[in-house]
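Structure, as structure tokens:
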Amino acid sequence: MSYLICQPVAHFQTLTQSENGEKYRWMTENMSDLFAIVDKNGLVLYASPSHKRLLGIDPKKYIGHSLWTQIHPWDQDRVQSQFVEMIEHKQSTKVECQYLRASGTPLSVEVIWIPLVDVNEQVSQIVAMARDVTRRTEAEKELSVTERWHRALFDNHPDAVVSVAPDSRLLSCNVACEVLIGQTYYEITGQSFYRFVVPEYHSDMDIHFSRVMKGDTVDTEIEVLHKDGHHIPVSLIGLPVIEDGTVVGAYGIVKDISERKQGLTQIRGQSRISEMIALQKPLTHILEEITAVVENILPGKLCSISLVDKEQQTLQCWAGSRLPKEFVNNLNGIELGSWCNPMTAAAYNNETVIVADVLTDSRWVEFQESARASNIRMCWCKPIVDQNETVIGTIDIYSRSPEPPSQHDLRIMGTFAYLANVAIVKENDRREITRFLYHDPLTGVANRMLFAKTFNTVWDSAQKNGSEIGLIVLDMDDFQKVNRQLGHTYADEYLKIALERVEETLKGLGMIARIGGDAFAVLVPTIQGTGELKIVSKKLQDTFSRPISIDGRETKTTISMGAVIYPTHGSTLVELLRNAETAMLVAKGKGKRQCTVFDTSMDTAIETRSATVKGLNNALQNDGLLLHYQPRINLRTNKVTGVEALVRWNHPDRGVLYPAEFITIAEETGLIVEIGRWVRREVCRQISSWMENGHQIRVALNISPRELDEQDFTEDFLRVVREYGIPSRLLEIEITESILLSNETDVREKLHRLQEAGFSVSLDDFGTGYSALSVLKRFPFDHVKIDKSIIHDDKENEHQNRGIVKMILQLLSELGINAIAEGVETMDEAEVLMKNGCTEIQGYLYGKPEPASEKTHLFDRRFVD
Ligand code: C2E
Ligand code: CA
Ligand code: CA
């Protein structure tokens, strides 16, 4: 609504009198507004007929009255002074005031005074046009209140509010909007709102905006762009602005929901991580998830988790795949406490280290370089601490721009450091339990259960790929001896070290597990044929043969191994293990220290073997053993110098069996110890029985290494001898050189004690071993028995052997050791021996081993030396 404010209109009367005069009169008389002409004192000169309708005043009667009588008393002073001013300035003036109706009620009017100037340039008359503005005033009053409220709502709204034109241009925005996207009013308005929306939401916005422009209200969530490029999640309410039924624009109310989103991300992340911990997901996965969640909550940041390597006292990065690789590589392995990087310092001092700007913080000169190279400007490091307040790692936040952490940032780090701790502790517990469940407590290697579990996995893939699996059962040769001689603590320690070495050897090849006492099994997941298994077995043998020194005492062992291949030698683990064990026993039977591959014929061998063990046990209990005695003659005097006791087994089905059939097995199984006890007792009984008949027969006893290992061997020996009252000169002990090669001091002590007690000690089977000569220096033997293989051999080697015999006899005589020749079968042999100074012989030529009863004739005084 607008008035045309005219410039002073000159000479109204002239105007009215002109040719248009009639027109104006018609207009004033018919206009709806109040039209009056007053003089400069306010006296009414003319009043239009509308005065009647609007004020209830007769216009004719009004003439000559003062204009002021018709003005509301409240407004009179103000209006009069404005009237005076108007005349002074000769300027049209607009005034708002209230007229009084004839009835006394007010009428809101807007009055325009137009001064009319006379020829003297003086204001003579004034046109007063008043319009009823009751409606407008009320409407305007109302409008201004609404407008003010609206403005206040718009300006002070805590959320960003924008008004948008139908062509998507932003018409206005409030301060919250400027703050939200980091741009000024002038940068925002005039632009299309699309410019501030993350592109991937543009197509959504097309739909939303067209709905609003159709009159709908839209409530949605999108992401807007901050000036620095980061995305801000927001909720958006779009409202249409409707005028006269048409949509002329829209309002947008945009709320930053980062925190709510972060809160949600955090809650979701936390529950996902908790679930992973509960489901025992791999630790690296859990830690990686933690870094991902933290990065989601703190946009623009990178997160990593490093764990303390307890042994090395260094930090190792476990998670943080979005960090530059070379940056991580630089950090790995730096010693704790070294002040060259914030993480290790945080871990070492158990305190949060904040480096708001790497480039300006002078504490980290060394770190600066790698940070700069990887474009990292800031890092915050928080130690991860377990329930004992021990630092187990750090959680680290990095960014490409310098920034100190907010309380919120620190809280997030704390929360996720705690979750990482729970995951790590749980993992350690799990490992502890797994170790407990699946590992041999003594050696730390896998146990049978884990072996079976691993085998099943390997078996599955072998099924799929049609590949072969190798399996070796290994048993230490004579490990009982280590146990007996050096004690269990030593043996345990020895095993542990030996197996550590084996695990090292098998790295990448297979696994070892303890499946029984000294028995271990090796699984080689993929092999091709037995050749490969042989290579592995060779590696194992080599590993065991490397000496181990504990507390200054050095030991080495050999192993016997049995190898099988899936599917050739069995289809189940039980079958494979059984067959490998069979093959291993065969290896033992063949002289230990080797690996045999299973074949079906071995089954019978093993059956025989177990039958032998059973039978021997039986024989020991039921008088199934007996002794044969073989005489020893002095060729010069032709007298018996003694007899050798040789054990036999009177087998219930097979008759008398010779030692070759059972001694090795008895030694391997330890049964020889019991057999030896029986032999000594029987020998003592026999000697005392001979003594009762007046014969003083010296008896030589064979003692195997296994027997001498027994802690109480000497005591036991002396006890029986005392029991039967046997003079020590009537007993001789025969040992082989192998006894002295193993655990010398212990054996030597035992032999010395016996020698001191008057028993003589002979070295048996001389000339068969490798170190025979050095053996002679190690112990003062009373006799040396030259092995029958040198004395009596095939014709081919006869000449050579005679040379050897001669040499040995010469040597022994130089050393002053008495020589006894074994296995003399011919007169020729006896002659050669005689010629070379060996007078004492044993052999079929003078007497086969026979039961004691058959020998009695030999023991006449005439014959015995
Ligand atoms: P050894 O100690 O070398 O015993 C001598 C072996 O040579 C005996 O075999 C004997 O019968 C055999 N022999 C004696 N003269 C001749 C000969 O002229 N020609 C041939 N070819 N052989 C002859 P045997 O009785 O079969 O004993 C074999 C081995 O068994 C013994 O070898 C000994 O090492 C072991 N042995 C026998 N009895 C016992 C025992 O009570 N305890 C232990 N630990 N070992 C025993
Ligand atoms: Ca012997
Ligand atoms: Ca012998």
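In each ligand, atom 1 is the first atom listed, and ligand 1 is the first ligand listed. Bear in mind that the values here come from a model prediction, so they are computed numbers and not experimental data.
Every atom of ligand 1 is numbered from 1 in the order shown, and the set under 4.0 Å from a heavy atom of S704 is 44 (N). Atom numbering of ligand 1 starts at 1 in the shown order; those under 4.0 Å from a heavy atom of E707 are 44 (N). Residue V824 has at least one heavy-atom neighbour below 4.0 Å for each of these atoms of ligand 1: 18 (O). Below 4.0 Å from some heavy atom of D765 lie the following atoms of ligand 1, by number and element: 3 (O). Near V679, with a cut-off below 4.0 Å to any heavy atom, the atoms of ligand 1 are 41 (O). Interface of E644 with ligand 1, defined as ligand atoms under 4.0 Å from a residue heavy atom, comprises 1 (P), 2 (O), 4 (O).
At least one heavy atom of Q630 sits less than 4.0 Å from an atom of ligand 1. A heavy-atom separation below 4.0 Å is not found between K785 and ligand 1. Every heavy atom of K848 sits 4.0 Å or more from the atoms of ligand 1. Using a 4.0 angstrom heavy-atom cutoff, P849 counts as in contact with ligand 1. Within the structure, ligand 1 lacks E667 among the residues with a heavy atom less than 4.0 angstrom away.
Distances from the Ca ion (ligand 2) under 3.0 Å pick out these protein N/O/S atoms: E644 OE2, N702 OD1, E734 OE1, D764 OD2.
On a distance-only criterion, Y658 and ligand 1 share no N/O pair closer than 3.5 Å.
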task = Check step by step if side-chain contact (heavy atoms from CB on, under 4.5 Å) holds for I550 and I497.
result = CA-CA 9 Å; I550 303 164; I497 298 173; 4.0 Å; yes
key: Verdict with supporting geometry, D716 and R677, salt bridge (charged side-chain N to carboxylate O under 4.0 Å, His left out)   = CA-CA 8 Å; D716 189 72; R677 281 207 184 99; 3.6 Å; yes
inquiry  = Could you go through R706 and E668, starting from their C-alpha distance and side-chain angles, then the distance that decides it, and tell me whether this counts as salt bridge (charged side-chain N to carboxylate O under 4.0 Å, His left out)?
reply    = CA-CA 9 Å; R706 188 72 172 73; E668 277 165 19; over 6 Å; no
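Side chains of I672 and E707 form a contact here, defined as non-hydrogen atoms less than 4.5 Å apart. Between F759 and I726 the shortest side-chain heavy-atom distance does not fall below 4.5 Å. The shortest side-chain heavy-atom distance between H439 and V445 does not fall under the 4.5 Å cut-off.
In this structure, N693 places its CG atom where more than 12 heavy-atom neighbours from other residues, nucleotides or ligands lie under 6.0 Å away. In R501, the CZ atom is crowded: over 12 heavy atoms of neighbouring residues, nucleotides or ligands sit closer than 6.0 Å. Environment of NZ in K592: crowded, with over 12 heavy atoms of neighbouring residues, nucleotides or ligands closer than 6.0 Å. More than 12 heavy atoms of other shown residues, nucleotides or ligands fall within 6.0 angstrom of atom CG in D712.
Among all protein heavy atoms, the one lying closest to atom 25 (O) of ligand 1 is R648 NH2, 2.7 Å. Distance from atom 46 (C) of ligand 1 to its nearest protein heavy atom, with residue and atom name: N702 CB, 3.7 Å. Residue, atom and distance of the protein heavy atom nearest to atom 18 (O) of ligand 1 are Y844 N, 2.9 Å. Here the protein heavy atom with the shortest distance to atom 5 (C) of ligand 1 is E822 OE2, 3.8 Å. Nearest protein heavy-atom neighbour of atom 40 (C) of ligand 1: V647 CG1, 3.8 Å.
For atom 32 (O) of ligand 1, the nearest protein heavy atom is 4.0 Å or more away. Protein heavy atoms all stay at least 4.0 Å away from atom 9 (O) of ligand 1.
With respect to R753 and E715, a salt bridge is recorded, a charged nitrogen being found less than 4.0 Å from a carboxylate O. A salt bridge between R632 and E644 is absent, with no side-chain N of the basic residue lying under 4.0 Å from a carboxylate O of the acidic one. Salt bridge R681/E723: present, at least one basic N to carboxylate O contact under 4.0 Å. We find that D475 and K588 are joined by a salt bridge, their nearest charged nitrogen and carboxylate oxygen being less than 4.0 Å apart.
Shown here for E682 and Y629, the closest heavy-atom pair between the two residues is O-OH, 4.3 Å.
Of the candidates G843, P659, A666, it is P659 that places a heavy atom closest to atom 35 (C) of ligand 1. Comparing heavy-atom distances from atom 21 (N) of ligand 1 across E825, Q842, E829, E661 singles out E825 as nearest. With atom 12 (C) of ligand 1 as the reference point, the heavy atom nearest to it among R680, H628, K788 is part of K788.
Partners of K496 by salt bridge (Lys or Arg N to Asp or Glu O under 4.0 Å), not counting sequence neighbours: none found.
Side chain of K538 to backbone of L533: no donor-acceptor contact under 3.5 angstrom is found.
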